[in-house]
Amino acid sequence: MTTAPEMSSASLPTFTETASQASGKPGDAVETTSADDRQHGIKRSGSWVGAVFNIMCISIGTGTMNLPAVVKRCGWFGIILFVLMAIVGWYVGVLFRRSMYARPGRRVSSFALVTREAFGAPGYWFATAITYLYCCGTVISWIIVSGTQITRLLGFAGADLDKKISMTIIAIIMWIPFTLLKTLKEITISSVFGVLTAMFTVVVLAVTSLQNRYTDTYHSPDFDSGPSHTFIIGAGIPSALASISFMYAGAVAFPHIEGNMRKPKQFGWMLFLANVLVCGAYVLSSATGYTAFGDQTVSPILNNLPNMPIVNAATILIIIHVVFAAPVMLVSANLELELALGVMPDIMGKKKEFFWRLVMRTVTIGILLAVSIAIPYFGQVIDLVSAISTTVVFFMVPVFCYVKLFGWNRIPRYELILCAILAAVGGVACVWGLIDAVKSLKTAVENGHG
């Protein structure tokens, strides 16, 4: 009977590739292809355009429907936070890439391996777990919102389909490309379609939100007065930061995206461009939604809108986007896990590798579906995942790895101060956001709806 190989902490994947010259200074990067990349069949053949689409695909998605509610939580100041976090996201991405090349002549091929190089085996397994939690939690929120909206759309048409069945259908559709497509290079086309559908949906939701804002002649039956708006709500900022970090926390996929780039030196400005585009979509979605509905905003924003053909079309596009985006997120997570367990062709052979990859990815989808059905509350799930994992992935891990790998004495003082601030903000957002998320989820479960 075929069995998966066991790997001790001593045999975990390490740096394996060297180059003839490297200074090892912060910011220097010797471009190499690691043995881990070769074992996964990863080649540097992708363009910066494909990398932009990959980042945008995992960033712009169903989370945009939660953003107006995030602004409701902290006031108009949330728009400023979106811009600041886009800059921070670019900065921590650059720091993390430096960490990938921290050892002279070597490149680390994954998020977890960078953490292992900095903090040993405990760091490796912690990063693997947090990566898996972040990616899987994201896809859980996608399954929930897609299944819920399918049931909602069918209800408008007079059909009654349980949302559990809708979620199951979505999970099965996700399973097909997830199990058949192995690396990010193979799903770049999927990313392009995902981004295009997401951007179109953002524009449609923005326009329809403004067209259907509260008036005396039209408003939701749940409200009998116009919405109010606040510039800043201090108590909501920490949990809002946790939710916003969810939208920019692509660091777990950065090594795979950078490893696929034909010219990896373009990564810095490529990431900056991607974050500018992502931030633009976020600001458009959140500003129009909050302008229209203010303190009456709900999550997802679709529930503030009436039954209109254009809104229903946007909903269908969101569902299509989820199907295209899920493989990008899940492949990033499972490549880390497969690497940790030695599920690679050079170790097991192609047939056994395919078999165990199929088994592991099928089990993953099954678990995600089960959790989605058990906790079908979209906004609360995003907030919980954000607090537990994305604050760590976004604020802490890149900063700690950078400082640990390069050392205090080799990093400029202003960068050390900035890193300390980011780590402190991440810690507050994590704890405060977790408390708020648990309270919100508890209320949703007690009331039977999000």
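Along the sequence shown, residues are numbered consecutively beginning with 1. Note that these values count all heavy atoms, side chains included, but never hydrogens, waters or copies made by symmetry.
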How close do [X] and [Y] get, counting heavy atoms only, and between which atoms?
X: Val94; Y: Leu271; result: N-CD2, 4.4 Å
X: Ala242; Y: Gly433; result: CB-CA, 4.4 Å
X: Ile411; Y: Val403; result: CD1-CA, 3.7 Å
X: Pro227; Y: Asp295; result: CA-OD1, 3.4 Å
X: Ala235; Y: Pro238; result: O-CD, 3.7 Å
X: Cys401; Y: Ser99; result: C-OG, 3.9 Å

For the residue pair [X] and [Y], establish whether any side-chain heavy-atom pair is separated by less than 4.5 Å.
X: Cys430; Y: Met396; result: yes
X: Leu205; Y: Leu302; result: yes
X: Leu384; Y: Ile375; result: no
X: Met270; Y: Met261; result: yes
X: Cys419; Y: Leu95; result: yes
X: Tyr290; Y: Thr230; result: yes
X: Tyr134; Y: Thr138; result: yes
X: Gln266; Y: Ser47; result: no

First locate atom [atom1] of [X], then atom [atom2] of [Y], and finally report the distance between them rounded to the nearest 0.5 Å.
X: Ile170; Y: Ser146; atom1: CD1; atom2: OG; answer: 4.5 Å
X: Ile319; Y: Ile316; atom1: CD1; atom2: CD1; answer: 6.5 Å
X: Arg361; Y: Thr179; atom1: CZ; atom2: OG1; answer: 8.0 Å
X: Lys72; Y: Ile301; atom1: NZ; atom2: CD1; answer: 9.5 Å
X: Ile373; Y: Leu368; atom1: CD1; atom2: CG; answer: 11.5 Å
X: Arg97; Y: Ile257; atom1: CZ; atom2: CD1; answer: 13.0 Å

Criterion side chain to side chain contact (heavy atoms under 4.5 Å, CB included) on Met199 and Met56, from CA distance to verdict | CA-CA 10 Å; Met199 293 300 292; Met56 291 181 67; 4.3 Å; yes
Checking side chain to side chain contact (heavy atoms under 4.5 Å, CB included) for the pair Tyr377/Ile144: CA distance, chi angles, key distance, verdict?
-> CA-CA 7 Å; Tyr377 308 112; Ile144 292 172; over 6 Å; no
Show your working on side chain to side chain contact (heavy atoms under 4.5 Å, CB included) between Phe200 and Leu317 and close with a plain yes or no.
-> CA-CA 8 Å; Phe200 179 78; Leu317 286 178; 2.8 Å; yes
Reference residue Asn304; test side chain to side chain contact (heavy atoms under 4.5 Å, CB included); the match among Val311, Asn212, Thr208, Thr297 |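 Going through Val311, Asn212, Thr208, Thr297 one by one, the side chain to side chain contact (heavy atoms under 4.5 Å, CB included) with Asn304 is satisfied by Thr297 alone.
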What do you reckon, are the aromatic ring centroids of Phe267 and Phe254 less than 6.0 Å apart?
->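 Under 6.0 Å, so yes.
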For the ring pair Phe111 and Phe96, is the centre-to-centre distance below 6.0 Å?
->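 For Phe111 and Phe96, the ring centres are under 6.0 Å apart.
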[Y] and [X] side chains, donor-acceptor separation under 3.5 Å:
X: Tyr132; Y: Thr364; result: yes
X: Ser209; Y: Thr288; result: no
X: Tyr101; Y: Arg106; result: no

Applying side chain to side chain contact (heavy atoms under 4.5 Å, CB included), run through Arg98 and Leu405 and close with a yes or a no.
-> CA-CA 10 Å; Arg98 291 179 188 174; Leu405 289 171; over 6 Å; no
Side-chain atoms of residues 76-93: list all donor-acceptor pairs with protein atoms under 3.5 Å, sequence neighbours left out, distances to 0.1 Å.
residue: Trp90; atom: NE1; partner: Gly268; partner atom: O; Å: 3.1
residue: Tyr91; atom: OH; partner: Glu415; partner atom: OE2; Å: 3.2

Salt-bridge present (Glu258, Arg107; N to O < 4.0 Å) =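 The answer is yes: the pair qualifies as a salt bridge.
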All side-chain hydrogen bond (donor to acceptor under 3.5 Å, both in side chains) counterparts of Arg73, not counting sequence neighbours |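 Residues passing side-chain hydrogen bond (donor to acceptor under 3.5 Å, both in side chains) with Arg73: Ser243, Asp383.
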For a ring pair (Phe, Tyr, Trp, His ring centres under 6.0 Å) with Trp48, tell me which candidate from Phe53, Trp269, Phe272 qualifies.
->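 When Phe53, Trp269, Phe272 are each tested with Trp48, the ring pair (Phe, Tyr, Trp, His ring centres under 6.0 Å) holds only for Trp269.
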